[in-house]
Every structure is written in structure tokens, then in C-alpha cells.
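Note sheet for the following structure.
Here the structure is a predicted model, which is why all the values come from computation and not from measurement. Sequence lines set the chain letters: A, B, ... in the order given, protein chains first and strands last, and positions in each chain run from 1.
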Amino acid sequence: MSIENWPRSIAHLDMDAFYASVELGKRPELRGKPVVVCGSGPRAVVTTASYEARKLAGIHSAMPAAVARRRLPDAVYLRPDFPAYREASAQVMEVLRRNVETVEVVGLDEAYLDLTGLYSPKATMRRIAAEIRADTGLTCSVGISESRMLAKITSELGKPAGLVVLSREDALVRFAGDSPGLVPGIGPKTVARLEAIGIATLTELARRQASELESTFGPRSGAWLHARGRLWDETPITVSRETKSQSTEITFDVDVRQRGELEKHLVELAAELCRRLAKRELEGRTIGIKIRLDDWTNVSRSHSVEAPTNDLAVVTRVALELLRAYDPQRPVRLLGVRLASFQGEADPVAAESEAPAGQLRLGFSSAA
DNA sequence: TCTGGGGTCCTTCCCCTC
DNA sequence: TCTGGAGGGGAAGGACCC
Ligand SMILES: Nc1ccn([C@H]2C[C@H](O)[C@@H](COP(=O)(O)OP(=O)(O)OP(=O)(O)O)O2)c(=O)n1
Ligand SMILES: [Mg+2]
């Protein structure tokens, strides 16, 4: 065991405009046109857009579909086809796994690969990208660096269809003046909190003492930010991930004001959830509901039962009890049902794992 | 123009036990 | 009123990601 294993060589592979690209594979005649994949209702959002649509009108994921349609009425608007995306994803991941031992899949279109010790990580990834293209007709972008955080940042640099290698040393120079928001896991809320204490760049973040960040963000998040400011990330690549929860939710086309209607939807959601749980043979102990009111207030209620279940009668009964106990006093925009605490231990929220995974999120409940 | 659905993980608070 | 401290686990809220 004397093989050098640090620094590591980590790759992040990310499919280009994934849903839209799969759609183009189904309908090649649309190639070259702006394509937007989104739902059909009045409250739909864009899941993704082809690069043509992005360049023409700045259309991007999570944008309200109504906005996209106004900006680019002549684009081709397509409904999501999840079975097709799952199938394409499975093909992609198969290529990865037949080439590399340590592959961590994230969602449908990304994966991290630990290439430490390989003779040429770059050649390996070039070959993999070519195989993916041959097998699926889809292109991907690859970043190779020394950690998952840096690999992910690096894969963005070459999009679309790029392959970029970047050392941490070069990254420290290159991103010195950039916003901390460049780092995956640092979103708009954290960027604002950092700015409030005089931190607007990665260099400024890197200059702060860990103790100072810990006093503002708490011990874990503070330490996490301290490391990320230095573009430092030791999070390992983990092959398997267990499902922690499953949920089904619906945003109504029009806010629901009547209890009876709400309960009808809840029963349907519970049935749908239990159907999916049964298909995956999942049983959980914590049944929860989620409600979004018309003013965007979110409320969740949950209750844990003795034994793991996915029984429709149990899930429906508990969910209805939770809804009746809460009894929303405003119109309801969204309603959802969730099951958690599968097999082993407690509710995921409280489950303490020895190796806290890389994407430490900064939750602030009572912080303004 | 008005904001999806499916997730993970974090912090806080509270009750309870040791 | 000086009322212990740590930690498991449930519950609620939130940030973030694909
Ligand atoms: N808010 C989001 C973000 C993404 N997705 C879906 C649609 C995307 O096609 C897929 C992959 O997400 P990416 O962030 O990787 O985006 P794309 O693959 O579409 O584009 P890119 O080329 O930037 O990776 O996940 C989604 O439904 N909602
Ligand atoms: Mg992608």
C-alpha cells in the first residue's frame, strides 16, 4: 500500500443540456432550434433549455415557463419525458462504471470519478466522453482536478462538450477575485451573509480566521466555509447512496381554498406515493405533509409510527390527521406527502453520520 | 412574468435519559 | 432562582442542488 494517493485526481462529468439533448436525440429534426423543456401548466418552470435557447434569450433552469414563452415564443417547447432521461442516464453511467471503479452518481446527469493512480486521467476521460457519445449520441463536459469541488467548478469551464484540467494551485490564482458563490453549496443566501460581514471574494473568504467564520455560521458551516475559501475539499467519492426519503407533491394551477378539495388531493398524493414506494420496496416510519400557502410560507408536519410501512391506509390516515390538525387558514398553493426514516435509524434530519458528506449545507432556521 | 418536483443535509429546539 | 451537561432522537424550518 505505498502508492501515492494525494493529491487525488478527481473528475466531474456532467451531461450538456441533458433533458433537451435527450429530446433532440428523439427528434433530430429539431437540432439547431432553441428547445425548452418545461411543464404545461400556468405555474410550470423550465427544467432546462438547449444552448441555442440560452444564447438567444438567456433561458435557464427554474425560470418560469411563462417568462420563457414571452422571451422566446418561437422556441420549441417540450414536456419532460422522465423515462427517456432515466434510460439515457443508465447508459451513461454504464459507460462510466465499465471504465472506472470509483464512480459516484449524482442525479441523472452527473458523476464524480476518482482517478487517483491512473496513468492518464485526461486520456481516460477523453475515452469515456467518446464512448458516451458513441453509445448515446450525447455530449458531456468534464472537469479534472484535485477534489470534487474543484472538479465540478472545472467542468463548468468547458461547457458544452469540453474537457478541462485545472490544478488547485492554478484555481487559487484564477478564482481569487471571484464570488464565493462560485463554490457549489454556497448559494445566494450565504453569499449575502458573507457580503454582510465584508466578504465578497474567495480571497477575502480565505483571509478570515476559521474562528471568525465559526462564530458567524456555527462550528460546522464555519469550518466548511473556511476550507472552501481556500478551495480545499477532502470529501471522498462514495459509490453508493441510500435513499433517505421519498415524496410526492403538487403545485395547484389555482390555489385551493376548500378543505374537502385539499383532502381529496392528499388522498391521491398518498396513493401515488405508496405506489412508488411499493415499486421500490421501500418502507419508512416518518410520514409527513408539506404545505405551501399563497404567500409562499412553507409548513411541514410529520409523525413517526412504530414500524416501517408503505401501507396506503396508514400513510393516508396519518397524512389526513396531520392536515386536519394544521388546518390551513390561507389558500394553499402546494401540497405534498413524504415518507422517511427507511429501514435503519432515525429520521434523516437527526441521523448523525460519521463522515459528513461534502455538500454541507448552511441551514439557518432562526437567523434573519 | 412570477416562480416545479425530487431530493440531501444543516441548524435549532424540545423532550427524555443517563 | 444561582435551576447540570451531554447526547439521542423527533420535529420544524431552511438552503441548496439537479
Ligand atoms: N433546477 C433544475 C436543474 C436541472 N434540472 C434537470 C434538467 C437538466 O437537464 C438536468 C441536469 O441539470 P444540469 O444542471 O446539469 O443542467 P443541464 O444538463 O441541462 O445543462 P448544463 O449543460 O449546464 O449541464 O436536471 C431540473 O429539472 N431543474
Ligand atoms: Mg448537465
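The aromatic rings of A/Y19 and A/Y85 sit parallel, their planes meeting at an angle under 30°, below the 60° perpendicular limit.
For the pair A/P219 and A/R292, both in contact range of DNA chain B, the more 5′-proximal nearest nucleotide belongs to A/R292. Of the two residues near DNA chain B, A/Q246 and A/V45, the one whose nearest nucleotide lies more 5' is A/V45.
Counting only distance, with no hydrogens or angles, the side chain of A/S21 and the backbone of A/D16 share a donor-acceptor pair below 3.5 Å. Side-chain atoms of A/D170 never come within 3.5 Å of backbone atoms of A/L166 as a donor-acceptor pair (strictly under, hydrogens ignored).
Taking side-chain N and O atoms only, A/S304 has a distance below 4.0 Å to OP1 or OP2 of C/dA11. Using a 4.0 Å cut-off, some side-chain N or O of A/S247 falls inside it from OP1 or OP2 of B/dG7. Distances shorter than 4.0 Å separate some side-chain N or O of A/S245 from OP1 or OP2 on B/dT8. Look at A/R220 and you'll find a side-chain N or O under 4.0 angstrom from OP1 or OP2 of B/dT11. Note on A/T190: a side-chain N or O is less than 4.0 Å away from OP1 or OP2 of C/dC16. Taking side-chain N and O atoms only, A/K189 has no distance below 4.0 Å to OP1 or OP2 of C/dG14. Checking the phosphate oxygens (OP1, OP2) of B/dG6, no side-chain nitrogen or oxygen of A/K244 falls inside 4.0 Å. Residue A/S221 places no side-chain N or O under 4.0 Å from the OP1 or OP2 atom of B/dC10. Using a 4.0 Å cut-off, some side-chain N or O of A/S302 falls inside it from OP1 or OP2 of C/dA12. The phosphate of B/dG6 has OP1 or OP2 within less than 4.0 Å of a side-chain N or O from A/R276. Using a 4.0 Å cut-off, no side-chain N or O of A/R43 falls inside it from OP1 or OP2 of B/dG4.
Shortest non-hydrogen contact noted between A/D14 and A/S155 is CB-OG, 4.5 Å.
Taking atom CZ on A/R241 and atom C1' on B/dC9, their separation rounds to 11 Å, with Å as the unit. At whole-Å resolution of the value, CG in A/L293 and P in B/dT3 are 15 Å apart. When the P atom of B/dG7 is taken as reference, atom CD of A/E110 falls 17 Å away, rounded to whole Å. Per the geometry, CD belonging to A/E249 stands 13 Å off P belonging to B/dT8, to the nearest Å. In this structure, NE2 of A/H303 is placed 11 Å from C1' of C/dG10, rounded to the nearest angstrom. Rounded to whole Å, the distance from CE on A/M63 to P on B/dG5 is 18 Å. Counting to the nearest Å, the C1' atom of B/dG4 and the CZ atom of A/R79 are 13 Å from each other. Rounded to whole Å, the distance from CG on A/L334 to P on B/dT3 is 12 Å.
Out of C/dG10, C/dC16, B/dT3, the shortest distance to the side chain of A/R333 is found at B/dT3. Of the candidate nucleotides C/dC16, C/dC18, C/dA12, C/dC18 has the atom lying nearest to any side-chain atom of A/K152. The side chain of A/D109 has C/dC18 as its nearest neighbour among C/dG10, C/dC18, B/dT3.
When side chains are defined from C-beta on, A/K290 does not count as touching A/S247, because their heavy atoms never get closer than 4.5 Å.
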Could you please spell out the steps behind the salt bridge (Lys or Arg N to Asp or Glu O under 4.0 Å) verdict for A/R98 and A/E131? CA-CA 11 Å; A/R98 76 174 176 239; A/E131 285 183 25; 3.1 Å; yes
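Among the heavy atoms of the strands lying under 4.0 Å from A/G187 are primed sugar atoms or P, OP1, OP2 only; no base atom is included. Counting any heavy atom pair closer than 4.0 Å across all strands shown, A/P42 reaches sugar-phosphate atoms only and no base atom. Looking at heavy-atom distances under 4.0 Å, A/A62 makes contact with a base. Here A/V299 lies in heavy-atom contact (under 4.0 Å) with sugar-phosphate atoms only. Across all strands, A/T248 comes closer than 4.0 Å only to sugar-phosphate atoms, never to a base (heavy-atom distances). Across all strands, A/T243 comes closer than 4.0 Å only to sugar-phosphate atoms, never to a base (heavy-atom distances).
Geometrically, A/R69 engages A/Y77 in a cation-pi contact, judged by NZ or CZ lying under 6.0 Å from the ring centre and within 45° of the ring axis.
Nucleotides C/dC16 and B/dG4 place their C1' atoms 15 Å apart, quoted to the nearest Å. A distance of about 15 Å separates the C1' atoms of C/dG4 and B/dC16, rounded to the whole Å.
Using N1 to N3 plus N6-O4 or O6-N4 for Watson-Crick, or N1-O2 and O6-N3 for G-U wobble, each under 3.5 Å, B/dG4 pairs with nothing.
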